[in-house]
Amino acid sequence: MPYDPERHGPQRIVGPGFFERVFEVVARVPAGHVTTYGDVAAELGMRSVARKVGHALSALGAERDDVPWHRVVNSQGRLSRAADSDSGHRQVCRLAAEGIEVASSGLIREFEARRFTFH
DNA sequence: CGGCTGACGACCT
DNA sequence: GAGGTCGCCAGCC
């Protein structure tokens with residue numbers, strides 16, 4: 001079930017856990033660049049948990065504006081959320097503010113060139 | 001305690 | 001390309 005603040009209430013982000021580690025990695029992506037769920041998972045040492053990375057980002061509360069979740073896209077360089085959805089639109093706007101254009105198809109322009117790789 | 005559930009990805013028709 | 005399948009596993013019921 002997708003995260004629904006109406007039903008689930010505010011997210012509790014307590015102590016260091018998996019979610020927190022995801023946030024720390026995502027926070028390393030510089031403005032104007034993007035990364036993928038798989039890359040974040042690999043950076044955590046678990047390539048198989050790409051899906052959990054998305055789960056962690058979905059749990060982000062409004063208080064965590066320090067986590068640039070909008071810079072995370074799928075391995076195709078495409079937005080994972082519906083472009084017409086509320087948060088999908090927010091993602092497009094945030095990316096545009098950093099000079100990243102998103103085609104109407106949801107595909108990031110110049111994806112490979114803007115892709116950030118962790119060291 | 002046990003069953004679901006995915007902001008995914010690799011692989012296979 | 002465009003589908004479908006399967007593995008993944010931390011949280012939430």
Side-chain angles (χ1 to χ4, degrees):
Chain A
M1 74 185 66
Y3 169 59
D4 180 356
E6 292 296 319
R7 289 180 46 217
H8 300 119
Q11 288 296 292
R12 290 172 292 108
I13 301 181
V14 293
F18 178 79
F19 282 18
E20 200 59 39
R21 290 200 288 149
V22 170
F23 301 152
E24 286 170 9
V25 170
V26 173
R28 302 220 304 269
V29 181
H33 291 259
V34 296
T35 189
T36 71
Y37 298 97
D39 283 351
V40 173
E43 179 64 9
L44 289 170
M46 298 177 281
R47 290 195 331 195
S48 59
V49 300
R51 204 168 187 177
K52 298 309 311 159
V53 172
H55 186 57
L57 295 185
S58 74
L60 272 175
E63 285 79 57
R64 298 305 298 262
D65 263 358
D66 56 308
V67 181
W69 55 268
H70 58 284
R71 297 180 191 139
V72 186
V73 300
N74 68 25
S75 65
Q76 325 275 316
R78 192 176 287 278
L79 304 193
S80 287
R81 318 189 76 180
D84 55 358
S85 72
D86 196 50
S87 53
H89 188 252
R90 272 210 308 280
Q91 182 167 23
V92 172
C93 287
R94 284 174 179 240
L95 289 172
E98 300 181 356
I100 298 177
E101 297 177 64
V102 182
S104 57
S105 59
L107 190 69
I108 299 281
R109 298 195 203 248
E110 308 289 327
F111 169 56
E112 289 300 335
R114 296 196 175 273
R115 188 173 187 170
F116 174 76
T117 45
F118 300 95
H119 291 181

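Sequence lines set the chain letters: A, B, ... in the order given, protein chains first and strands last, and positions in each chain run from 1.
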Between [options], spot the one nearest the side chain of [X], thanks.
X       : options              : value
A/Lys52 : B/dG9, C/dC9, C/dG11 : C/dC9
A/Phe19 : C/dC9, B/dG9, C/dG11 : C/dG11
A/Arg51 : B/dG9, C/dA10, C/dC8 : C/dC8
A/Phe18 : B/dG9, C/dC9, C/dA10 : C/dA10

Quiz item: Does a side-chain N or O from A/Ser80 land closer than 4.0 Å to OP1 or OP2 of B/dC8, or not?
Solution: yes
Quiz item: Between A/Ser75 and B/dC8, is there a side-chain N or O to OP1/OP2 distance below 4.0 Å?
Solution: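 So the side chain of A/Ser75 is outside the cut-off, no N or O lying under 4.0 Å from OP1 or OP2 of B/dC8.
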Distance in angstrom units between [X] [atom1] and [N] [atom2], rounded:
X       : N      : atom1 : atom2 : answer
A/Arg21 : C/dA10 : CZ    : P     : 9 Å
A/His55 : C/dC13 : NE2   : P     : 10 Å
A/Gln76 : C/dA2  : CD    : C1'   : 11 Å
A/Leu57 : C/dA10 : CG    : C1'   : 14 Å
A/Asp39 : B/dC8  : CG    : C1'   : 12 Å
A/Leu44 : B/dC8  : CG    : P     : 16 Å
A/Met46 : C/dC9  : CE    : P     : 8 Å
A/Arg47 : C/dC6  : CZ    : P     : 21 Å

Quiz prompt | pair A/Leu44-A/Phe18: side-chain heavy atoms closer than 4.5 Å | solution =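 They are in side-chain contact.
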Practice problem: Using atom types as modelled and distance alone, determine if a side-chain donor or acceptor of A/Arg114 lies under 3.5 Å from a backbone N or O of A/Gly32. | Solution: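 The answer is yes, because a donor-acceptor pair under 3.5 Å joins these two groups.
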Self-check item: Ionic contact status for A/Glu43 with A/Arg21, cut-off 4.0 Å
Solution: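 Not counted as a salt bridge, because no side-chain N and carboxylate O are separated by less than 4.0 Å.
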Exercise. Could you tell me whether A/Arg115 and A/Glu112 have a side-chain N and a carboxylate O separated by less than 4.0 Å?
Key: yes
Quiz item: A/Arg71 pairs by side-chain contact (heavy atoms from CB on, under 4.5 Å) with which of A/Thr36, A/Ile100, A/Val29?
Solution: A/Val29
